[in-house]
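Starting off with a structure, shown below.
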Amino acid sequence: MAEKNNCSPLQRSLRWCQGTPELPGIRRRAYYIAKSEIQKYPNFERDDKGRAISARLKGSFILSADATWKYIDILPDKSQLTSDAQGDLPSQTQLNKLTLLHPGVGEEASAAAAYLNNTDCVFLVQDMKDAWRVVGSEKWMTKTTVTQDNGQGPTGTTSTTISVEATDETPAPFYFGSIETEDGTIDLTQDETEPET
């Protein structure tokens, strides 16, 4: 007698109402912190087989004493968040890619390159529908590379470009916890409502 399949599917219908705006891009301030400053991570809700049941993280990042998220002001029109599938079934994951273009090339921006290039970090960005997305996972290392362009001639453009690659289980997970910054706490918990089905 064949064994009964107890693997209930997680699939759901994916609806879109015509005329609903989907605004592209990310907002002008991103946040980051070294993973060494994180004491506890928010996690995916899972079923009894260990599968993530949504792209939402539950809980907040708990940081070390006196640690805060640092910010990077960016040019939104030249910054981007993308996600690609990687690997093979049944071990496929998502490679989340974040490009942040900061207009400065001064001493502070140059010093940031030395730190970011060699530190495993987590990044937070806010999309144009006000959702916060996480780039960086507890399970896998984040690779950050920084390039700098001092411009060319009188019409050139200066820039410091921060490129981030981070493996995760879903495209940049959604975050509804708190963000402890040097300017105060951003509390997202009141925004955690169930998504429309």
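What's counted below: heavy atoms across the whole structure, side chains too, no hydrogens, waters or symmetry copies.
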Decide yes or no for Pro24 and Glu22: does some side-chain heavy atom of the first lie under 4.5 Å from some side-chain heavy atom of the second?
-> no
Heavy-atom closest pair, residues Ala67 and Ile33 | CB-CD1, 4.4 Å
Residue pair Ala34 / Tyr115: nearest heavy atoms and the distance that separates them | CB-OH, 3.2 Å
Begin from the C-alpha positions of Thr145 and Asn117 and carry the test side chain to side chain contact (heavy atoms under 4.5 Å, CB included) through to its verdict.
-> CA-CA 5 Å; Thr145 55; Asn117 279 336; 4.3 Å; yes
Closest non-hydrogen atom pair, Ser137 against Thr167 = CB-O, 3.4 Å
Using the rule that two of Ile, Leu, Val, Met, Phe, Trp, Tyr join whenever any of their side-chain heavy atoms come within less than 4.5 Å, decide whether Leu10 and Phe174 are in one cluster.
-> no
Would you say Lys70 has more than 12 foreign heavy atoms packed within less than 6.0 Å of its NZ?
-> yes
Any sub-3.5 Å donor-acceptor pair from Thr119's side-chain atoms to Cys121's backbone N or O?
-> no
Nearest 0.5 Å please: distance from the CD atom of Glu180 over to the CG atom of Asp66.
-> 11.5 Å
Please check if any side-chain donor atom of Gln86 sits under 3.5 Å from a side-chain acceptor atom of Thr93, or the reverse.
-> yes
Write down the atom of Gln126, the atom of Asp130, and the distance for their closest heavy-atom approach.
-> NE2-OD1, 3.5 Å
Got a sec: does the CG of Asp88 have more than 12 other heavy atoms crowding it under 6.0 Å?
-> no
Within a radius of less than 6.0 Å around CD of Glu108, do more than 12 heavy atoms belonging to other residues, nucleotides or ligands occur?
-> no
Among the clusters formed by ILVMFWY side chains lying less than 4.5 Å apart, do Ile186 and Val135 turn up in the same one?
-> no
Are any of the side-chain heavy atoms of Pro76 and Arg27 separated by less than 4.5 Å?
-> no
Would Asn96 and Ser83 count as having a side-chain donor-acceptor pair, cut-off 3.5 Å?
-> yes
Dump the intermediate steps for side chain to side chain contact (heavy atoms under 4.5 Å, CB included) on Thr99 and Ile162, then the final yes or no.
-> CA-CA 6 Å; Thr99 301; Ile162 300 160; over 6 Å; no
Pair Ser159-Gln148, side-chain donor/acceptor within less than 3.5 Å = no
Taking the side chain from Ser13 and the backbone from Arg15, do they hold a donor-acceptor pair closer than 3.5 Å?
-> no
Would one find more than 12 heavy atoms of other residues, nucleotides or ligands at under 6.0 Å from atom CD of Glu107?
-> no
So, do Ser178 and Ser60 sit near enough that their side-chain heavy atoms are less than 4.5 Å apart?
-> yes
ring-ring contact (aromatic ring centres under 6.0 Å, His included) with Trp69: which of Tyr175, Phe61, Tyr31?
-> Phe61
Measure the shortest side-chain to side-chain distance between Asp127 and Trp132 over non-hydrogen atoms and say whether it is less than 4.5 angstrom.
-> no
Kindly check if the number of other-residue, nucleotide or ligand heavy atoms within 6.0 Å of CD (Gln152) is above 12?
-> no
Should Leu124 and Leu81 be regarded as members of a common hydrophobic cluster, given that ILVMFWY residues are connected when their side-chain heavy atoms come within less than 4.5 Å of each other, either directly or indirectly?
-> no
Are Asp187 and Thr185 close enough that a side-chain donor and a side-chain acceptor fall under 3.5 Å?
-> no
Verify, without hydrogens or angle tests, whether Asp120 (side chain) and Thr142 (backbone) share a donor-acceptor contact under 3.5 angstrom.
-> yes
For the hydrophobic clusters of this structure (ILVMFWY residues joined by side-chain heavy atoms under 4.5 Å, transitively), does one cluster hold both Leu63 and Ile72?
-> no
Of all the heavy-atom pairs spanning Leu101 and Ser79, show the shortest one and how long it is.
-> N-OG, 3.0 Å
Please say which of Ile74, Val134, Val164, Ile26 ends up in a side-chain contact (heavy atoms from CB on, under 4.5 Å) with Val125.
-> Ile26
Looking at Gln94, Gln92, Arg46, which hits side chain to side chain donor-acceptor pair (under 3.5 Å) with Glu169?
-> Arg46
hydrophobic_cluster_shared for Ile62 and Ile179, side chain cutoff 4.5 Å = no
Would a line drawn from the ring center of Tyr32 to the ring center of Tyr71 be shorter than 6.0 Å?
-> no
Does atom NZ of Lys35 have more than 12 heavy-atom neighbours, drawn from other residues, nucleotides or ligands, at distances under 6.0 Å?
-> yes
Separation between CD of Glu165 and NZ of Lys97, rounded to the nearest 0.5 Å = 5.5 Å
Kindly give the heavy-atom pair with the smallest separation between Ser64 and Ser36, and that separation in Å.
-> OG-O, 4.1 Å
CG-CZ distance between Asp77 and Arg28, expressed to the nearest 0.5 angstrom = 12.0 Å
Residue pair Asn43 / Glu138, side-chain heavy-atom distance below 4.5 Å | yes
